[in-house]
Amino acid sequence: MRVNMTVNGRPYEADDVWEGESLLYVLRERLGLPGSKNACEQGECGSCTVRLDGVPVCACLVAAGQAEGREVVTVEGLADHARQRSVTRAAEAAGAVRPAEPEADQPGEPEADPSTGPGPSRPGQVVGAPLAPVQQAFIDAGAVQCGFCTPGLLVAADELLERNPEPSDADIREALSGNLCRCTGYEKILDAVRLAAARTGEGA
Amino acid sequence: MAADRTLNAPTGVAADRTASAPTSLTQATGAPRGTVGESAPRPDGTLKVTGEFAYSSDLWHEDMLWGFTLRSPHAHAAIRSIDTAAALALPGVYAVMTHDDLPAGTHYGLEIRDQPVLAKDRVRYHGEPVAIVAADHPETARRAAARIAVEYEELPLVVGEATATAPDAPLLHPGRRDHHASHVPHPNIVHRQPIRRGDVPAARARADVVVRRDYEVGMQDQAFLGPESGLAVPAEDGGVDLYIATQWLHVDRDQLAPVLGLPADKVRLTLSGVGGAFGAREDLSMQAHACLLALRTGRPVKIVYNRYESFFGHVHRHPAKLTYEHGAARDGTLLYVQCRIVLDGGAYASSSPAVVGNAASLSIGPYVVENVDVEAVALYSNNPPCGAMRGFGAVQACFAYEAQMDAVAAELGLDPVEFRQRNAMSQGATMPTGQVVDSPAPVAELLRRVKALPMPPERAWETAGGPVDVRALPGGLSNTTHGEAVVRGVGYAVGIKNVGFSEGFDDYSTARIRLEVIGGEPVALVHTAMAEVGQGGVTVHTQIARTELGVDRVTLHPADTRVGSAGSTSASRQTYMTGGAVKHACEAVRAEVLRRGRERFGASHPGWAEPERLRLADGKVVTDGGEVIGDLAGILGDGAIDLEREFRHRPTEPFDLRTGQGFGHVQYSFCAHRAVVEVDTELGLVKVVELAAAQDVGKAINPLSVVGQIHGGSTQGLGLAVMEEIVVSADGARVRNPSFTDYLIPTILDTPAMPVEVLELADDHAPYGLRGVGEAPTLSSTPAVVAAIRAATGFPLRRVPVRPEHLTQLTHLTHPAGG
Ligand code: FES
Ligand code: FES
């Protein structure tokens with residue numbers, strides 16, 4: 001079958017999709033978007049978390065056909081999504097709609113430069129592109145070790161902060177309880193979400 | 001497949017993913033710097049938060065096929081026949097291979113090559129690989145595998161010590177000729193290590209208090225999140241390139257080459273993104289299968305396990321049965337320890353011999369005991385193969401000896417922390433192996449520190465005047481209690497772990513450093529084969545290069561087999577060993593910089609004559625008086641310095657096979673925990689409220705990463721204490737819970753606040769004085785949590801994981817397998 005959907009604001013079309021394929025499989029294997037992860041493929045780990053029409057879902061539990069005509073946001077589109085949101089909110093606050101403007105570079109971690117070193121470069125890497133606050137906070141707080149849980153956690157944490165900009169620790173734990181991490185013991189993940197909330201609060 | 005892949009995605013995105021898997025990482029100018037001792041950010045951090053970091057399961061190649069493994073449904077059976085015709089007939093299937101199709105070597109293994117690449121005429125555990133398939137869609141490969149007809153005849157099972165060593169026991173590996181075969185008491189025992197010191201019978205006669213108890217540790221899974229996966233690409237020279245998530249590229253290669261019938265230089269491995277390891281990637285999983293299918297079909301082959309298969313795809317932590325007897329004098333002095341540790345190694349040896357050595361040599365914990373009688377063995381059985389997991393033999397022992405320490409203290413009427421401190425080892429102490437501990441061993445101090453931390457507030461679920469916050473209670477949002485019958489308990493534990501490979505192993509690591517001027521600025525390239533599995537070794541390498549070479553920009557070359565071995569990312573060894581190799585190679589590069597500088601500019605300043613008083617900083621050559629006498633860019637000009645160096649830790653010795661005596665370990669690492677739990681005593685539900693740790697790390701090369709390791713290790717220990725166990729059916733030795741639905745690991749709701757105290761007492765034998773960090777916190781966390789539950793409930797709790805049914809009045813020590 002053919003499946004059409006909008007992913008990170010761009011239209012995508014996938015052909016010859018077998019009915020049993022999950023949204024996760026189509027994103028990863030057919031659309032070239034492997035950022036969403038596949039740690040369990042049975043709805044237990046949250047590593048595949050994406051937004052489907054705004055709602056966080058486990059992409060491994062969504063049949064590809066169910067995404068037909070819908071909007072998907074993955075970790076690859078999270079920075080854009082957060083930028084759009086802050087622009088929209090600023091515009092709402094100002095009572096007018098203005099076009100998006102690029103934000104100043106965030107402080108933080110050095111970028112990988114695909115142009116140096118042996119081996120072919122990675123495509124799609126935008127050096128110096130600003131990250132979503134929650135992405136930057138994960139780096140700064142040490143919330144990333146192997147990073148396999150990170151994409152799903154970021155999508156879930158960003159969604160939490162979208163609806164609850166000042167979450168308590170108990171709120172954070174509740175919102176992230178569907179996302180397993182085997183490396184960090186979650187302490188630094190809590191730190192990161194607190195940090196993102198604090199920074200966003202300051203910036204607002 | 002490539003054609004129907006996508007219409008709208010930017011062209012080339014997917015196709016390039018393979019080659020770009022080994023991402024080169026450069027620290028860009030203007031970014032925050034990090035030298036040794038600073039919390040430098042991860043060089044792969046941005047890629048990991050944007051989803052662009054390529055894990056081994058993300059790889060893609062033009063024309064790629066998908067591999068799938070058919071596994072045995074039986075734990076022990078003879079294979080009578082295999083018919084692959086129906087599988088081969090399925091459209092989209094390119095190859096089906098069984099044992100008979102193997103081109104060269106048929107077995108592999110880390111220490112003993114006893115594991116078949118594909119089962120021949122016998123399967124020895126549930127889930128053993130029997131056949132492999134390559135097809136153009138993963139589902140086609142799965143369906144083809146289901147069409148392979150295998151005729152089995154079930155055989156009697158070996159499932160524990162009694163069945164393994166019975167007179168008529170079926171032998172797992174009849175006719176074995178490995179180097180342990182001659183000294184074991186039975187061919188179903190992989191390895192046996194006794195440790196004898198002093199005079200236990202005489203000490204027993206003097207003891208005022210004797211405590212003898214049995215303990216049991218369930219089978220824990222590493223449960224890394226990134227599944228076993230990789231991509232094998234056949235090369236034009238007849239060789240193969242494998243992009244893989246592993247812990248040790250070179251030992252993978254050394255096991256693969258004989259199986260593929262290729263010289264080692266035609267089996268080229270490159271590290272792909274690794275989603276955690278914890279020991280589970282020490283053994284081969286899909287590596288040989290993917291390479292075999294790629295060479296057979298002439299097409300790239302990708303294999304990705306799903307979570308179900310992952311539970312069968314790697315070894316687990318050895319389940320253990322332990323018997324301990326401690327004797328003490330009335331004044332609180334430990335007089336002797338006698339213990340026996342039986343580890344179930346499952347069907348194949350994996351790293352069981354080394355796990356036995358660790359369990360035996362670390363069996364009495366970080367205490368001074370003059371009279372010791374220890375025996376540790378690992379069995380061959382039809383249970384799932386067990387091998388490396390974080391803590392490696394020391395975890396099982398720590399659960400038992402720390403429970404004993406509490407029990408002896410109770411018998412003596414002493415405070416459990418004080419009793420531990422009275423017997424704690426310190427620098428200069430002698431291990432039961434006769435080895436003198438020749439670097440700091442601040443065991444009593446670590447206990448003092450965790451004990452001195454403030455206690456978490458009581459009854460945190462009570463809100464000022466408001467309703468009860470059930471999220472702070474055992475059972476959480478299940479709303480099972482509002483505080484009734486909830487009892488708090490506090491427990492302590494401390495452990496000892498070795499760092500680095502032991503028992504005379506030639507443990508070394510290699511690093512290549514290239515220093516050159518790029519764009520007017522000196523840049524260091526660090527090339528090692530170290531497996532970055534999440535631990536942050538890549539960050540450490542940039543910090544060391546910056547510190548030693550005084551440069552700002554550091555590039556990390558992808559880890560591959562084109563440089564010498566880095567050894568394994570295990571045994572808490574990589575910062576010590578590959579960090580040490582990077583330091584060592586940087587020192588050689590620095591010496592060459594100074595030699596070239598002296599050659600060209602020696603006449604201009606007398607400082608050049610004394611290179612030992614010069615250092616490199618901020619791209620300059622600086623005297624110990626702080627005077628700048630040259631700059632790197634000027635000295636290097638167009639010439640690069642490119643040097644590869646090996647680093648070894650001081651040699652160790654094997655343990656004597658009868659007495660266990662020997663200088664077996666290179667370094668020891670210590671961590672102490674205090675656990676605070678609240679237990680709903682009616683339902684047996686446990687909430688760990690706080691898990692505090694204190695650890696000596698020698699030198700925190702990256703403090704943020706150090707604390708992250710302690711948090712992660714503590715949490716895995718918590719998992720073993722209260723939830724994690726692979727349940728193997730007693731009747732069929734079949735794995736009953738191979739999923740994250742049934743095998744539970746701690747979520748963010750199960751994991752408490754974890755205050756950490758870090759001590760830095762330098763070990764003068766180690767680079768920068770550092771001490772391996774990763775494993776020690778996994779040891780003491782389990783017994784601390786269980787001690788706290790004992791304190792809350794009064795139940796003896798001799799088995800982990802502790803389950804609700806162990807905490808109600810109904811049952812003690814029930815076996816969850818229900819067998
Ligand atoms: S991969 Fe979807 S929940 Fe685990
Ligand atoms: S699973 Fe490795 S960082 Fe979370």
Side-chain angles (χ1 to χ4, degrees), chain A residues 11-16 18 20 30-32 34-35 38-42 44-45 47 74-76 79 108-113 116-125 131 135 138-140 142 144-151 154 170 173-174 176-177 180 182-189, chain B residues 4-9 12-14 16 19-20 22-28 31 41-43 45-53 55 57-58 139 223-227 274-276 306-307 469 471 533-534 536 555 557-558 704-705 708 711-712 714-715 739-741 745 747-749 751 754:
Chain A
Y12 280 83
E13 184 176 277
D15 271 338
D16 297 332
W18 169 64
R30 295 193 182 276
L31 303 184
N38 55 331
C40 78
E41 298 174 75
Q42 55 188 179
E44 289 289 353
C45 76
S47 74
T74 73
V75 70
E76 288 99 335
E109 190 242 1
E111 300 293 339
D113 176 357
T116 52
S121 66
R122 273 187 80 71
Q125 169 71 13
L131 301 172
Q135 291 173 312
F138 264 60
I139 294 172
D140 297 343
V144 179
Q145 289 189 27
C146 84
F148 209 80
C149 64
T150 305
L154 287 168
R173 289 186 190 274
E174 199 177 324
L176 303 184
S177 61
L180 297 176
R182 190 55 158 168
C183 301
T184 65
Y186 305 101
E187 282 280 81
K188 300 295 182 192
I189 292 169
Chain B
D4 67 13
R5 181 173 180 74
T6 138
L7 296 176
N8 289 329
V13 166
D16 282 355
S20 63
T23 311
S24 280
L25 299 162
T26 297
Q27 308 280 22
R42 296 187 66 96
T46 299
L47 291 176
K48 284 183 172 176
V49 299
T50 54
E52 291 170 278
F53 186 80
Y55 294 89
S57 48
D58 300 338
E139 186 58 24
F224 51 51
L225 285 203
V274 185
N306 62 16
R307 182 55 50 182
D469 185 351
R471 296 179 296 189
V533 303
T555 301
H557 190 289
L704 190 65
S705 299
H711 284 153
S714 300
T715 304
S739 75
F740 280 161
T741 311
I745 64 173
T747 69
I748 197 168
L749 291 173
T751 309
M754 293 186 281

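Below, read A as the first sequence line, B as the second, and so on, with proteins coming before strands; counting in each chain starts at 1.
In this structure, the side chain of E41(A) does not engage the main chain of N306(B) through any donor-acceptor pair within 3.5 Å. Counting only distance, with no hydrogens or angles, the side chain of R307(B) and the backbone of L225(B) share a donor-acceptor pair below 3.5 Å.
For a residue to count as touching a neighbouring chain, one of its non-hydrogen atoms must lie under 4.5 Å from one of that chain's; by this rule T184(A) touches chain B with the backbone only. Of the atoms belonging to T747(B), heavy atoms from both backbone and side chain fall under 4.5 Å from chain A. L154(A) touches chain B through its side chain: at least one heavy atom from C-beta onward sits under 4.5 Å away, while N, CA, C and O do not. At a 4.5 Å heavy-atom cutoff, S714(B) makes no contact with chain A through either its backbone or its side chain. With a 4.5 angstrom heavy-atom cutoff, Q135(A) touches chain B via backbone and side-chain atoms both. Contact of A79(A) with chain B is not made at all, since no heavy-atom distance falls under 4.5 Å. Both the backbone and the side chain of S739(B) come within contact range of chain A, judged by heavy atoms closer than 4.5 Å.
Closest heavy-atom contact between L749(B) and S177(A): CD1-CB, 3.4 Å.
Listed by chain and number, the residues in a side-chain contact (heavy atoms from CB on, under 4.5 Å) with C183(A) are Q145(A), C146(A), C181(A), F278(B) (sequence neighbours excluded). In terms of the side-chain contact (heavy atoms from CB on, under 4.5 Å) criterion, residue partners of E44(A) (sequence neighbours excluded) are, by chain and number, C40(A), Q42(A), F740(B), T741(B).
Between chain B and the options S47(A), G20(A), G147(A), G35(A), the largest number of non-hydrogen pairs under 4.5 Å is found for G147(A).
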Step by step, would you call K188(A) with H711(B) a side chain to side chain contact (heavy atoms under 4.5 Å, CB included)? CA-CA 9 Å; K188(A) 300 295 182 192; H711(B) 284 153; 4.0 Å; yes
